[in-house]
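These notes concern the structure reproduced below.
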Amino acid sequence: MLGERLRLARKASGLSLRDLAQRVGVSAQAISKYERGLDVPGSAVLLKLAASLGVRPDYLLRPQPVIGVRPAFRSRPSRLSARALSHIMARVEEWVGRYLAAESFLPPAERVTFVRPALPDRAVQSLDAVERAAEQLRHQWSLGLDPIANLTAELEARGIRVGTIRADDAFDALTFSVDDGSPVIVVRDGMPGDRGRFSVAHELGHLVLEAQAVDPEDAANRFAAAFLVPAAVVRRELGQSRRRLSLQELVSLKVRYGLSVQAWIRRARDLDVITDSEYRRWMVALRSRGWHRQEPGPSLTPERPRRLTDLVYRLLSEGLVSESRAAELLGIRVIELRSQLRPANAPTHSVRG
């Protein structure tokens, strides 16, 4: 119980056994014994462990849900070190544990279950098939051709757990699954809105496609662009064929559809709306102005997952959890929870523990 919680909290914090031991003032061997259940820390050490890990002492004493979180990819992404991936896995497992604990209060009939779409072109052998699969999913989900106002909310409503975690810049997003096969998408916190949307759509591509004769990353990238902006929309907005694209129209389209300027240019090239030479001209221009790092035009507000937060707010308002338990389920401090829930002059309410 305590050992598993301690291990997850330590790994999620990116601390080694030695790092944590130095903060607490015990040996690395002692920390190892606590995590393996071979020894139990005294109350003074327990308080130091909790303070060093930024959690409440009762968090370490609460049973950890028995779950298995597995990366939904065959090999570790090349940009991530093994240690970085280990930290991400620990954070994902800790977050999923809180998510499942909150969901456990719901009646089974109210729990949203992801139904994997049966796409005719799911087993893709070409990028054209990827385009068709994106169109098929939009049709099955009744999305039409309009811009998707909030992609994260759309996926959460369909039973995909989406979360954000702190991670270094080598990480954008990854797809995981838990023991029951339900999917999880985690995104690096703090990414620009357009990049975050594309990353979520990319991971959705990994979930719904089976890349056979095409590179899985290429397929997921093409799916993301096609799902956010279908081919018919590109041709409606840009025309069938263009000699030049203007920055003003690209920035306007970025704001309207939540797809970056760079992705719009790539989309136009992939669909033969512009020539390779026009595409190369734009890539040189973007790089020379630093726009490949900082997009031109206004920054888009990042989408924030809301389902877990809204669920915990519901549990709190119905008196099913205390403030301290609600804060723990959200991974924040009680004072942060109160600042979110109690604006000036708002009445307080009592809850059961």
Side-chain angles (χ1 to χ4, degrees), residues 112-124 126-162 173 175 183 185 187 192-211 218-242 245 248-274 295 297-298 300-307 310:
V112 182
T113 302
F114 175 66
V115 178
R116 192 175 298 277
L119 305 178
D121 285 292
R122 178 174 182 269
V124 295
S126 69
L127 294 179
D128 286 341
V130 173
E131 291 274 347
R132 293 194 298 271
E135 293 173 2
Q136 290 160 6
L137 184 58
R138 267 189 167 255
H139 177 72
Q140 285 193 22
W141 286 1
S142 301
L143 296 176
L145 296 178
D146 294 333
I148 300 174
N150 190 318
L151 177 61
T152 297
E154 188 71 40
L155 300 194
E156 287 191 302
R158 298 182 183 278
I160 299 176
R161 298 183 184 94
V162 184
T175 304
I185 294 176
V187 186
D194 53 291
R195 184 171 176 177
R197 275 170 61 90
F198 192 91
S199 295
V200 170
H202 176 102
E203 297 306 321
L204 177 62
H206 281 305
L207 278 175
V208 302
L209 298 178
E210 181 182 333
D218 291 342
N221 280 332
R222 187 65 170 264
F223 176 89
F227 189 70
L228 291 172
V229 184
V233 172
V234 175
R235 296 189 174 101
R236 183 184 70 198
E237 297 286 1
L238 298 179
Q240 296 292 325
S241 179
R242 294 283 298 274
L245 299 176
Q248 291 78 9
E249 68 178 323
L250 291 171
V251 169
S252 176
L253 292 170
K254 164 190 169 179
V255 172
R256 198 182 320 162
Y257 289 91
L259 186 70
S260 70
V261 166
Q262 296 181 67
W264 267 99
I265 297 168
R266 177 61 183 262
R267 195 88 181 99
R269 191 200 70 169
D270 287 342
L271 297 175
D272 294 324
V273 173
I274 61 173
E295 274 272 314
L300 303 186
T301 302
E303 296 178 355
R304 305 294 300 182
R306 290 293 312 175
R307 186 168 179 270
D310 290 344

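Being a predicted model, the structure only gives us computed values, none of them experimental. Heavy atoms only: backbone and side chains are in, while hydrogens, waters and symmetry mates are out.
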Chi angles and distances behind the side chain to side chain contact (heavy atoms under 4.5 Å, CB included) call for Asp270, Val234: CA-CA 11 Å; Asp270 287 342; Val234 175; over 6 Å; no

Derivation and outcome, side chain to side chain contact (heavy atoms under 4.5 Å, CB included), residues Asn221 and Arg266: CA-CA 11 Å; Asn221 280 332; Arg266 177 61 183 262; over 6 Å; no

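Without hydrogens or angle criteria, Glu135 side chain to Pro230 main chain gives no donor-acceptor distance under 3.5 Å. Remark: side-chain polar atoms of Lys254 are paired, donor with acceptor, to backbone N or O of Pro298 under 3.5 angstrom. With Ser252 contributing its side chain and Gln248 its backbone, the two residues share no donor-acceptor pair below 3.5 Å. A donor-acceptor pair is defined here as one N or O able to donate and one able to accept, closer than 3.5 Å; such a pair exists between the side chain of Arg122 and the backbone of Val208. The main-chain N or O of Leu119 is never found under 3.5 Å from a side-chain atom of Gln136 such that the two would form a donor-acceptor pair. A distance-only check finds a donor-acceptor pair linking the side chain of Arg116 to the backbone of Leu207 [under 3.5 Å].
When every heavy atom of Leu245 is checked against every heavy atom of Ala268, the shortest pair comes out as CD1-CB, 4.2 Å. Taking all atoms of both residues into account, the shortest heavy-atom contact from Val229 to Tyr257 is CG2-CB, 4.0 Å. Pairing each heavy atom of Arg197 with each of Ala149, the nearest pair is NH1-O, 3.7 Å. The two residues Val273 and Arg235 come nearest to each other via the heavy atoms CG2-CG, 4.5 Å. Leu145 and Ala232 make their closest contact through CD1-CB, 4.3 Å (heavy atoms, listed as atom of the first residue, atom of the second, distance). Scanning both residues, Ala133 and Asp121, for their nearest heavy atoms gives CB-O, 3.7 Å.
You'll find the side chain of Phe223 reaches within 4.5 Å of the side chain of Leu137, heavy atoms only. Two residues are said to be in side-chain contact when any heavy atoms from C-beta on lie closer than 4.5 Å; Leu238 and Leu253 meet this criterion. In this structure, Ile274 and Ile265 have side chains that are in contact, with non-hydrogen atoms separated by less than 4.5 Å.
With a 6.0 Å cutoff to the six-membered ring centre and a 45° limit on the axis angle, Arg158 does not count as a cation-pi contact of Phe114.
Separating the CG atom in Leu271 from the OG atom in Ser241 is a distance of 12.0 Å, to the nearest 0.5 Å. Going from atom CD1 of Ile160 over to atom OG1 of Thr113 covers 12.0 Å, rounded to the nearest 0.5 Å. Note that CD of Glu303 and CD1 of Ile148 are 9.0 Å apart. Values are rounded to the nearest 0.5 Å. In this structure, the separation between CZ on Arg222 and CD on Glu131 is 4.5 Å, given to the nearest 0.5 Å. Atom CZ of residue Arg195 and atom NE2 of residue His202 lie 12.0 Å apart, to the nearest 0.5 angstrom. Considering CZ of Phe227 and CG of Leu204, their distance stands at 5.5 Å, rounded to 0.5 Å.
No salt bridge links Glu156 with Arg306; every basic N to acidic carboxylate O contact stays at or beyond 4.0 Å. By the 4.0 Å N-to-carboxylate-O rule, Arg267 lies too far from Glu237 to be salt-bridged with it.
By the ring pair (Phe, Tyr, Trp, His ring centres under 6.0 Å) test, Phe198 pairs with no residue at all, sequence neighbours left out.
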